[in-house]
Amino acid sequence: MATRGADGSGQSPADPWAALEGDLVRALADALAARGVSATPEQVALQLDWSGSEHGDLAFPLHRAAKAVGRDPSELAREIAGAMPALAGLSPPRPVGAFLNVAAEPRDLAATTLRSIFERGPRYGHLDLAGARVCVEHTSANPTGPFHVGRVRNGIIGDTLTRVLRATGAPVTSQYYVDDVGRQAAMVTWIWSKPVAEWPEEIRAVLPAVDDPDERADRRLGRPYPAVSQYLKTHPEAAAEVQALSRALESGHPPARHHELVTKVLEGMLASLARVGIRFDELVWESRFLSSGEVDRVVERLAAAPHAVTEPNGAAAIDAGDYGLPKESARVIVARADGTTLYATRDVAYHLEKFGRFPRVIDVLGQDHHLHARTLEALLTEIGETRRPEFVIYQDITVPDSGGGRMSTRHGKAVYLDDLLDEAEIRARAEILARREDMAPDEVAQVARTIAASAVRYHILRVAPDKTVAFRWEDALSFEGRSGPFLQYSYARASSILRKADGDAGPWPFDVDRLATPPERALIKRLSLLPGVVARVARTTHVHALAGFAHQLAEEFNRFYESTPVIKAGEERASRLALVAAARQGLGNALDLLGLSPLERM
RNA sequence: GGGCGUGUGGCUUAGUCUGGAUAGAGCACCGGGUUCCUAACCCGGCGGCCGGGGGUUCGAAUCCCCCCACGCCCGCCA
């Protein structure tokens, strides 16, 4: 039963397992019902074990069902196995102990999976679900200077989540909320509004001996920021100037150079993020909510809220004691006595706008913003808003070499994204030159850049968001094992085979009977799971799971590669080439979803 | 003090939400593999009372309670 590759009927399922799972789950639910166990197909699906073992691809434990009807689980398993109808594409259920094991018919799975990949191409792994509009807000760092790695974790999680949600078919808008009116932005404008000669000595000391006007703006203009931050703590008159500047920004009267400065710094920061593939659909300027009057309306609504109070000095606040906030934070200040507002108040205005445009709103926040998230929720409740953002909270990146603690520019404990990438690039270049002496210099440079980006991005992406990451240079710069370059290497190997296959561009007709070795079947199985993983990651927002899956896929490909000749194969050649093409597509799609760049050669 | 999070082999970690059949990986270490499609790879080995104690359950890394350790947050900054 030879099965042709591309040019099929065009009706391949997005997920090769969808029909198999549906049939199995319904049959199991029926079989259970016939024996007095009521279970919906959904409940059965929830108990299905996808981990796979020597017994099969899917397992269903019967302990619970057996207990419900007071029977022996093994016996029930045997009985149901005997009573199940034959299901297309699946082996007959096999009882092992209290488990019912089912395997996909390998030839059918291969045919379905390869057809789906060839028909869908770059969209394999995408789901076509056409979900509701989603807004993913992430990064939103103050425009005060270059990104350190800790801050970039936000962007890497947010950008990957954006890609994955988009792959489910939902229209996704990514937003960077730019605070151009806060105290932090005011500090940058404050110092650069003065001629350098008039800067306080301790701030001027951080400038380089020779100013380089071509240096990227976030570095050049952001350089004095940590020193300014320190200086203001001990110089109240300077702090008062910044406070006055902050008021001017809020009232819509920024100094002449303010917007230019913020924009330049931000552009530099965005250029830095772009090095690891992070980009935004929209920049949302905080000042917009002030000038539009929306912040004023929020202040008015909060003044009329159930727990509105006025502080002794005239500040407007919300007594949030009922919201479970820590004692010291129970009073949420909405507006100072002089009428200026605070971050949380303005954030309410921003979120109201988001709710108006998007049915689903996701905020990616560092764990230090956890309390802010709860405050925001409290304020939304106070104005009678029932919609909520979904918060994706991630933990810090710490710097053990600097005595521990979270990465922070102000505390001088930061590893900058650019420095890390630069070092990664140097090392990548050395690796390339050591093995590809024929590669042209500009390709070497390009490939080194790409490898560096993938190493850094993957290194941060691979860890679960609620795990604190201790930054170590050697780990972040690894190109082996569980790393981005490993994924790219697998892709490059696949590309290399196809390139050398007589210049044959495919598509290769495949015969599933010629893809029967264990490494081939394992690779196909892994490829078939990509859509399901995308669906799960979109649901859980656990983007690190996709990173783990991509590594398994690459591992499976490498095992196949090492064990199975392709170009020199005999009658299996065309089928194996088809599998290589499919693996390359699957790997490439996984790389795209992770925000990593596939490489034809490296 | 209160809150949030974490604790799995020497190191980094998956699995924990939704309890299941011998807890998966990577690094390091030891031993193999390249006349052949890229060895940034593959194969094998070593190494785990899943922080501690109690409980629930046919079954606990996973659920509940207590304790310990570590990180972070608790500002009229953002």
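Everything quoted here is computed from the prediction, not taken from an experiment. Numbered from 1 within each chain, the chains take letters A, B, ... in sequence-line order.
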If the threshold is 4.0 Å, N to carboxylate O, is there a salt bridge linking [X] and [Y]?
{"X": "A/R462", "Y": "A/D475", "answer": "no"}
{"X": "A/E443", "Y": "A/R601", "answer": "yes"}
{"X": "A/E377", "Y": "A/R374", "answer": "no"}

Taking the six-membered ring for Trp, does [X] stack with [N] (centroid gap under 5.5 Å, planes within less than 30°)?
{"X": "A/F99", "N": "B/G20", "value": "no"}
{"X": "A/H369", "N": "B/A78", "value": "no"}
{"X": "A/H63", "N": "B/G20", "value": "yes"}

Per the atom types in the model, does the base of B/A39 pair as donor or acceptor with the side chain of A/N558 at under 3.5 Å?
no
Interatomic distance, [X] [atom1] vs [N] [atom2] [rounded to whole Å]:
{"X": "A/L62", "N": "B/G59", "atom1": "CG", "atom2": "C1'", "result": "14 Å"}
{"X": "A/R374", "N": "B/G75", "atom1": "CZ", "atom2": "P", "result": "14 Å"}
{"X": "A/H551", "N": "B/U13", "atom1": "NE2", "atom2": "P", "result": "16 Å"}
{"X": "A/H542", "N": "B/A14", "atom1": "NE2", "atom2": "P", "result": "10 Å"}
{"X": "A/L100", "N": "B/G20", "atom1": "CG", "atom2": "P", "result": "17 Å"}
{"X": "A/L249", "N": "B/A78", "atom1": "CG", "atom2": "P", "result": "11 Å"}
{"X": "A/I460", "N": "B/U13", "atom1": "CD1", "atom2": "C1'", "result": "16 Å"}
{"X": "A/F479", "N": "B/C41", "atom1": "CZ", "atom2": "P", "result": "12 Å"}

Could you work out which one of [options] sits closest to the side chain of [X]?
{"X": "A/E562", "options": "B/C42, B/C72, B/A78", "answer": "B/C42"}
{"X": "A/F486", "options": "B/C36, B/C42, B/G71", "answer": "B/C42"}
{"X": "A/H372", "options": "B/G20, B/A21, B/A78", "answer": "B/A78"}
{"X": "A/K467", "options": "B/A78, B/G20, B/U16", "answer": "B/U16"}
{"X": "A/Y561", "options": "B/C76, B/C4, B/A39", "answer": "B/A39"}
{"X": "A/R482", "options": "B/C37, B/U13, B/A78", "answer": "B/U13"}
{"X": "A/Q395", "options": "B/C37, B/G5, B/A78", "answer": "B/G5"}
{"X": "A/N142", "options": "B/C41, B/C76, B/A78", "answer": "B/A78"}

Donor-acceptor pair between A/Q446 and A/T450 side chains, under 3.5 angstrom:
yes
Flag for A/Y458-A/Q488: side-chain donor and acceptor within less than 3.5 Å
no
Identify whether any heavy atom of [X] sits under 4.0 Å from a base atom; if not, whether one sits that close to sugar-phosphate; answer base, sugar-phosphate or nothing.
{"X": "A/D475", "value": "nothing"}
{"X": "A/A344", "value": "nothing"}
{"X": "A/R346", "value": "sugar-phosphate"}
{"X": "A/D438", "value": "nothing"}
{"X": "A/R559", "value": "sugar-phosphate"}

Looking only at heavy atoms, the pair that brings A/R71 and A/L76 closest together is NH1-CD1, 3.6 Å
Respond yes when some side-chain nitrogen or oxygen of [X] is under 4.0 Å from OP1 or OP2 of [N], and no when none is.
{"X": "A/R183", "N": "B/G75", "result": "no"}
{"X": "A/R64", "N": "B/U57", "result": "no"}
{"X": "A/H544", "N": "B/G15", "result": "yes"}
{"X": "A/R493", "N": "B/C37", "result": "no"}
{"X": "A/K67", "N": "B/C58", "result": "yes"}

Which one is paired to [N], where only Watson-Crick or G-U wobble pairs with both distances under 3.5 angstrom count?
{"N": "B/C11", "value": "B/G26"}
{"N": "B/U6", "value": "B/A69"}
{"N": "B/U34", "value": "none"}
{"N": "B/A60", "value": "none"}

Note: for A/V447 and A/D466 on RNA chain B, the residue whose nearest nucleotide lies more 5' is A/D466
Starting at the 5' end of RNA chain B and moving along, which residue's nearest nucleotide shows up first, A/D179 or A/H55?
A/H55
